[in-house]
Amino acid sequence: MSFKEINLEMLPQHIAIIMDGNGRWAKQHGKMRVRGHEAGAQAVRKTVESAAKLGIKHLTLYAFSTENWSRPKTEVNTLMGLLVKSLRRELERMVTNNIKLSAIGSLDKLPKSVQHELQEVILKTTHNSGTHLTLAISYGAREEIKQAVKQISEKVKNNIIPVESIDETIINEHLYTQHLPDVDLLIRTSGEVRISNFLLWQIAYAELYFTDELWPEFDEQSLNQAILSYQKRERRFGKTSEQLT
Ligand code: FPP
């Protein structure tokens, strides 16, 4: 799928990706699961740089879910170690490529080494104006919504806001993604067709794109293919086709 076929005037503003299939990729290649995750980290780099090259404004990657904490301890440790290593290794390239990093999720549950590395990269890329990369780590959409409901309830209880004022804007303002627009295109790799507790509120009108490719196989061409599929769709947001023209 060539870059030239993409209409740069109609790019999705916010792409979110459920990166799935590292383990199956490793199995297919007769390797340990850790090698699958390492290959997955390479795919992250390629995807971020491809998105930056196209001029995608926001890219959000599901790196570790709240449910992933129940994987075997050794695999959790491997993933955390890989995060630290990748953040350290990629900092310079992120700065060169003008990428701004953010993170969403229950970040306080992460090992201190990961929190420290994240803070460092977030700080050093904070003024970058290119692609805004958000890593969802220790993230769960239900947890995100639960904490938003709690915060809003506290404000109502303390007479900071009246109950009547609660609307979509107020809810948005209490989500981890308060600085991000809604997701336009959600991609999931590895042939699984589910959302797995990712950005449930923010994908209300997203176009969904599922590919059989395993995450380590995902590259620039795969991203372009997904964007092209998005550009062929008609987004009606509940209206009729005629109303849109
Ligand atoms: C899914 O594959 C992937 C993950 C649980 C973690 C994603 C992590 C990475 C891509 C590596 C590092 C990330 C960054 C941001 C540098 P799986 O293990 O569920 O695969 P399977 O379903 O085939 O077993």
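Counting starts at 1 for both ligands and their atoms, following the listed order. Nothing here was measured: the structure is a model prediction, and the numbers come from that model. Along the sequence shown, residues are numbered consecutively beginning with 1. The figures that follow rest on heavy atoms only: side chains count, while hydrogens, waters and symmetry mates do not.
Scanning the protein heavy atoms around atom 20 (O) of ligand 1, the nearest turns out to be Gly23 N, 3.0 Å. The nearest heavy-atom contact from the protein to atom 19 (O) of ligand 1 is Arg71 NH2, 2.7 Å. Residue, atom and distance of the protein heavy atom nearest to atom 22 (O) of ligand 1 are Arg24 NH2, 2.9 Å. Shortest contact from atom 3 (C) of ligand 1 to any protein heavy atom: Met19 O, 3.2 Å. Scanning the protein for heavy atoms near atom 11 (C) of ligand 1, the closest one is His37 O, 3.6 Å. Atom 13 (C) of ligand 1 has as its closest protein heavy atom Val44 CG2, 4.2 Å. The protein atom (non-hydrogen) at minimum distance from atom 7 (C) of ligand 1 is Ala63 O, 3.4 Å.
Across every non-hydrogen atom of Trp201 and Leu175, the tightest pair is CD1-CD1, 3.3 Å. In plain terms, the two heavy atoms of Ala226 and Ile187 that are nearest each other are CB-CD1, 3.6 Å. Shortest non-hydrogen contact noted between Gln231 and Glu5 is OE1-O, 4.5 Å.
The atoms of ligand 1 that sit less than 4.0 Å from any heavy atom of Asn68 are 5 (C). If you number the atoms of ligand 1 from 1 as listed, the ones under 4.0 Å from a heavy atom of Asp20 come out as 1 (C), 2 (O), 17 (P), 19 (O), 20 (O), 22 (O). For ligand 1, the atoms lying closer than 4.0 Å to a non-hydrogen atom of Trp215 are 10 (C). Each of the atoms 16 (C) of ligand 1 lies under 4.0 Å from some heavy atom of Ser86.
Applying the ring pair (Phe, Tyr, Trp, His ring centres under 6.0 Å) rule to pairs touching residues 94-134 yields His58-His132, sequence neighbours excluded.
Checked by atom type, the side-chain pair Glu143/Thr66 shows no donor-acceptor distance below 3.5 Å. There is a side-chain donor-acceptor pair under 3.5 Å between Ser196 and Arg188. Using a 3.5 Å distance cut-off with no hydrogens or angles, the side chains of Gln147 and Gln151 do pair a donor with an acceptor. Between the side chains of Asn68 and Ser65, at least one donor N or O lies within less than 3.5 Å of an accepting N or O.
When each of Ile195, Ile15, Leu199 is paired with Leu186, the side-chain contact (heavy atoms from CB on, under 4.5 Å) condition holds for Ile195 and for no other. Applying side-chain contact (heavy atoms from CB on, under 4.5 Å) to Leu59 and the options Leu135, Ile17, Thr134 leaves one that passes, Ile17.
Within the 4.0 Å heavy-atom shell around ligand 1 one does not find Leu61. Not a single heavy atom of Phe64 sits under 4.0 Å from any atom of ligand 1.
Contacts of Glu192 with ligand 1, taken as heavy-atom pairs under 4.0 Å, are absent altogether. The residue Leu214 has no part lying near ligand 1, judged by heavy-atom distances below 4.0 Å. If you look at Arg33 next to ligand 1, the close heavy atoms, those under 4.0 Å, all belong to the side chain.
Distances between N or O atoms of Tyr62 and those of ligand 1 include no value under 3.5 Å.
Panel note: side chain Ser138, backbone Leu110; no donor-acceptor pair is recorded below 3.5 Å.
Here the shortest heavy-atom distance to atom 10 (C) of ligand 1, taken over Thr47, Val76, Asn22, belongs to Asn22.
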